[in-house]
Amino acid sequence: MADPMISQPTQSQLNIAASTTPRHQHHLYIENLTPSPSSSKQINRLINSNHYISPSRPIYSDRFIPCRSSSNFALFNISLPSSATEEISPGGGGKEDSPGAYAALLRNALFGPQTPDKKDWGAGAARRNIFRYKMETRQSLHSLSPFGFDDMGDPGVSNVAIKTPRKVSRSPYKVLDAPALQDDFYLNLVDWSSHNVLAVGLGTCVYLWNACSSKVTKLCDLGNDDGVCSVGWAHRGMHLAIGTSNGKVQIWDASRCKRIRTMEGHRLRVGALAWSSSMLSSGSRDKSILQRDIRAHEDFVSKLSGHKSEVCGLKWSYDNRELASGGNDNRLFVWNQHSTQPVLKYCDHTAAVKAIAWSPHLHGLLASGGGTADRCIRFWNTTTNSHLSCMDTGSQVCNLVWSKNVNELVSTHGYSQNQIILWRYPTMSKLATLTGHTYRVLYLAMSPDGQTIVTGAGDETLRFWSVFPSPKSQVIVSLNDDNN
């Protein structure tokens with residue numbers, strides 16, 4: 001039974017195919033055959049068949065068709081129809097044994113249909129099917145190519161895969177209770193260490209939460225006459241600094257849960273801490289900043305004066321050369337390693353400046369956020385001492401942190417929306433807005449791998465969010481960008 005998917009050849013197709021095989025091939029098939037009446041009758045019936053094939057139906061060339069031009073029909077007492085010559089050369093100038101016909105068909109099969117002269121266009125259904133088949137063949141071959149050719153597309157436009165935007169989950173993957181977490185804008189009670197341990201100040205106590213094992217450890221209890229106002233991990237090791245409401249700074253070895261020393265110098269609470277190698281900076285409600293060297297016997301080595309109100313934000317740059325401080329006097333100051341007076345002063349904010357973040361991607365790029373009356377994130381170039389841009393967020397800016405892996409940053413907010421916003425820099429387009437806290441999002445820290453942030457609020461919860469990509473995936477994206 002014949003395969004219904006394979007069309008029977010027409011007279012015109014046989015005529016065309018007959019001219020496409022070199023002369024020497026007929027010896028392989030009919031050299032030793034002797035004519036017989038039965039074989040002549042079968043071949044006659046095949047050549048003179050009048051089967052109708054629809055022009056729109058695809059023709060599959062998946063069988064061997066002998067070449068008429070190189071066949072010895074005299075051996076079978078068969079005369080070649082005169083229409084074969086017309087099929088080979090519609091213009092009337094071709095011959096059945098012309099080598100040019102075979103070369104033209106071979107060239108078209110290898111390189112695709114060429115634009116012929118008007119005299120070479122035929123109106124037969126067989127010729128239209130041949131062109132269509134070759135177009136389909138080229139398309140199927142190119143579909144196997146890794147370069148993604150498209151015959152129907154614009155040859156001047158490259159086929160580049162459209163990048164899908166990174167998906168950021170709008171829900172925290174973990175929520176922890178944090179009873180007695182204070183709703184105070186001027187405190188800094190959450191920090192994440194390089195060893196993946198989270199420190200949280202709750203009332204008079206400091207607790208440690210190991211992100212790898214989820215183990216909770218109570219580090220210390222300051223007693224009823226004192227309270228925790230700030231916590232800050234050293235960049236390396238397991239040393240934790242604790243600022244207290246009595247104006248003292250305690251240094252603890254968290255691996256042994258042992259206090260190493262207590263340093264004095266401030267008269268009022270210490271709400272801001274920032275490490276720079278072995279140097280520790282502390283900011284206080286007494287308007288001063290103290291520089292402490294934990295290797296020295298003295299409680300502090302220098303005192304920085306300039307703010308007119310409580311110091312509530314402190315951050316060292318990644319190269320440890322510049323210290324940025326923000327205060328309740330609406331001022332943002334920049335200090336160098338040896339100055340006791342600010343080397344740069346920025347007075348554009350109209351509310352307290354607690355949110356401060358240095359860019360890890362561009363030297364001298366500093367971001368700062370203002371309180372309820374200001375609601376703006378401002379960007380500064382401390383190298384050229386210039387104000388770069390300003391973004392009105394619509395609500396109190398409580399914290400800022402830059403991603404280590406991509407040029408993006410996160411801001412947390414208070415009145416009146418209590419949201420978390422992921423921004424792309426420098427366009428400052430919003431990538432995601434995260435909600436869930438019912439109080440001001442006053443506390444923010446980032447995991448050591450740079451992918452996760454933890455936020456804390458007066459609703460006494462800690463929420464963990466996956467917002468940034470991994471460094472490995474960012475390398476792949478950068479390579480793709482370079483290739484494009």
Side-chain angles (χ1 to χ4, degrees), residues 174-182 184 187-266 269-284 290-300 314-316 442-450 452-457 460-464:
K174 185 187 294 292
V175 179
L176 300 179
D177 288 329
L181 186 61
Q182 297 187 57
D184 192 329
L187 305 185
N188 294 274
L189 298 175
V190 177
D191 198 21
W192 208 327
S193 78
S194 60
H195 289 267
N196 213 13
V197 178
L198 192 69
V200 185
L202 301 176
T204 63
C205 302
V206 174
Y207 290 87
L208 306 179
W209 180 77
N210 190 309
C212 298
S213 63
S214 297
K215 179 182 178 181
V216 178
T217 303
K218 183 178 180 179
L219 179 65
C220 64
D221 188 342
L222 302 182
N224 294 330
D225 59 344
D226 207 348
V228 180
C229 297
S230 57
V231 294
W233 287 102
H235 296 322
R236 298 180 180 179
M238 291 292 288
H239 286 170
L240 178 68
I242 302 174
T244 72
S245 58
N246 289 337
K248 299 179 181 179
V249 176
Q250 298 182 4
I251 308 296
W252 285 74
D253 183 351
S255 62
R256 298 183 295 163
C257 292
K258 181 179 179 180
R259 184 174 63 187
I260 298 176
R261 64 182 298 183
T262 300
M263 295 178 287
E264 300 183 354
H266 290 297
R269 70 179 184 182
V270 179
L273 296 169
W275 285 88
S276 170
S277 185
S278 59
M279 295 290 295
L280 174 64
S281 303
S282 59
S284 171
L290 297 181
Q291 304 281 55
R292 310 172 187 271
D293 189 342
I294 61 173
R295 300 168 300 182
H297 294 290
E298 298 82 9
D299 286 342
F300 61 93
L314 279 179
K315 285 292 172 61
W316 278 96
L442 298 176
Y443 310 111
L444 172 66
M446 185 167 60
S447 62
D449 63 6
T452 302
I453 61 170
V454 59
T455 56
E460 299 184 344
T461 63
L462 296 174
R463 298 174 183 263
F464 294 79

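Heavy atoms only: backbone and side chains are in, while hydrogens, waters and symmetry mates are out. Given the structure is predicted, the values throughout are model-derived calculations rather than measurements.
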> Which value, rounded to the nearest 0.5 Å, describes the distance between Thr204 atom OG1 and Asp226 atom CG?
Replying inline: 8.5 Å

> Which atom names give the shortest non-hydrogen contact between Arg261 and Asp293, and what distance separates them?
Replying inline: NH1-O, 4.2 Å

> Are Trp316 and Ser281 close enough that a side-chain donor and a side-chain acceptor fall under 3.5 Å?
Replying inline: yes

>> Counting neighbours of CZ on Arg236 that are heavy atoms of other residues, nucleotides or ligands and sit closer than 6.0 Å, is the number greater than 12?
In response: no

> Mind checking what makes side chain to side chain donor-acceptor pair (under 3.5 Å) contact with Ser193, not counting sequence neighbours?
Replying inline: none

>> Once side chain to side chain contact (heavy atoms under 4.5 Å, CB included) is applied, do any residues pair with Thr455, and if so which ones, sequence neighbours excluded?
In response: Thr412, Ile420, His437, Val441, Leu444, Ile453, Arg463, Trp465

> Out of curiosity, Asn210 CG to Lys215 NZ, how far, rounded to the nearest 0.5 Å?
Replying inline: 8.0 Å

> Yes or no on side chain to side chain contact (heavy atoms under 4.5 Å, CB included) for Arg259 and Ile251, after CA distance, side-chain angles and deciding distance?
Replying inline: CA-CA 6 Å; Arg259 184 174 63 187; Ile251 308 296; over 6 Å; no

> Between Ala241 and Val249, what is the shortest heavy-atom contact and its length?
Replying inline: CB-CG1, 4.5 Å

> What is the distance from atom OG1 of Thr452 to atom NZ of Lys174, rounded to the nearest 0.5 Å?
Replying inline: 10.5 Å

> Which value, rounded to the nearest 0.5 Å, describes the distance between Leu240 atom CG and Cys257 atom SG?
Replying inline: 10.5 Å

> Does the side chain to side chain contact (heavy atoms under 4.5 Å, CB included) test come out yes or no for Ile242 and Val228, once each step is laid out?
Replying inline: CA-CA 7 Å; Ile242 302 174; Val228 180; 4.1 Å; yes

>> For a quick test of reading the model, state the closest non-hydrogen atom pair linking Cys212 to Asn196 and the distance between them.
In response: SG-ND2, 3.3 Å

> Can you name the one residue among Gln291, Arg292, Met263 that meets side chain to side chain contact (heavy atoms under 4.5 Å, CB included) with Ser282?
Replying inline: Arg292

>> Looking only at side-chain N and O atoms, does Asn246 offer a donor or acceptor that is under 3.5 Å from a partner on Thr244?
In response: no

>> Could you report the tightest heavy-atom contact between Leu208 and Ala199, atom names first, then the distance?
In response: CD2-CB, 3.9 Å

Side chains of residues 269-277: which donor-acceptor pairs under 3.5 Å do they make with residues two or more places apart or in other chains?
unit_1 : atom_1 : unit_2 : atom_2 : d
Arg269 : NE     : Glu310 : OE2    : 3.0
Arg269 : NH1    : Asp184 : OD2    : 3.2
Arg269 : NH2    : Glu310 : OE1    : 3.3
Arg269 : NH2    : Glu310 : OE2    : 3.3
Trp275 : NE1    : Gly232 : O      : 3.0
Ser276 : OG     : Asn320 : OD1    : 3.3

> So which heavy atom on Lys218 is nearest to which on Cys205, and how close?
Replying inline: CE-SG, 3.6 Å

>> Whether the His235 and Ser194 side chains hold a donor-acceptor pair (N or O, under 3.5 Å, no angle test) is what I'd like checked.
In response: no

> For the residue pair Ala254 and Leu219, what are the closest heavy atoms and their distance?
Replying inline: CA-CD1, 4.2 Å

> Rounded to the nearest 0.5 Å, how far does CG of Leu290 lie from NE2 of His266?
Replying inline: 3.5 Å

>> Donor-acceptor pair, distance only, cut-off 3.5 Å: does the side chain of Asp191 make one with the backbone of Ala445?
In response: no

> Side chains of Gln250 and Thr262: is there a donor and an acceptor less than 3.5 Å apart?
Replying inline: no

> Please walk me through it: do Phe464 and Val175 pass side chain to side chain contact (heavy atoms under 4.5 Å, CB included)?
Replying inline: CA-CA 6 Å; Phe464 294 79; Val175 179; over 6 Å; no

> Hey, mind stepping through Trp233 and Met238 against side chain to side chain contact (heavy atoms under 4.5 Å, CB included) and telling me if it holds?
Replying inline: CA-CA 7 Å; Trp233 287 102; Met238 291 292 288; 4.2 Å; yes

>> Students often mix this up, so state it plainly: with edges at 30° and 60°, are the rings of Trp209 and Trp192 parallel, tilted or perpendicular?
In response: perpendicular

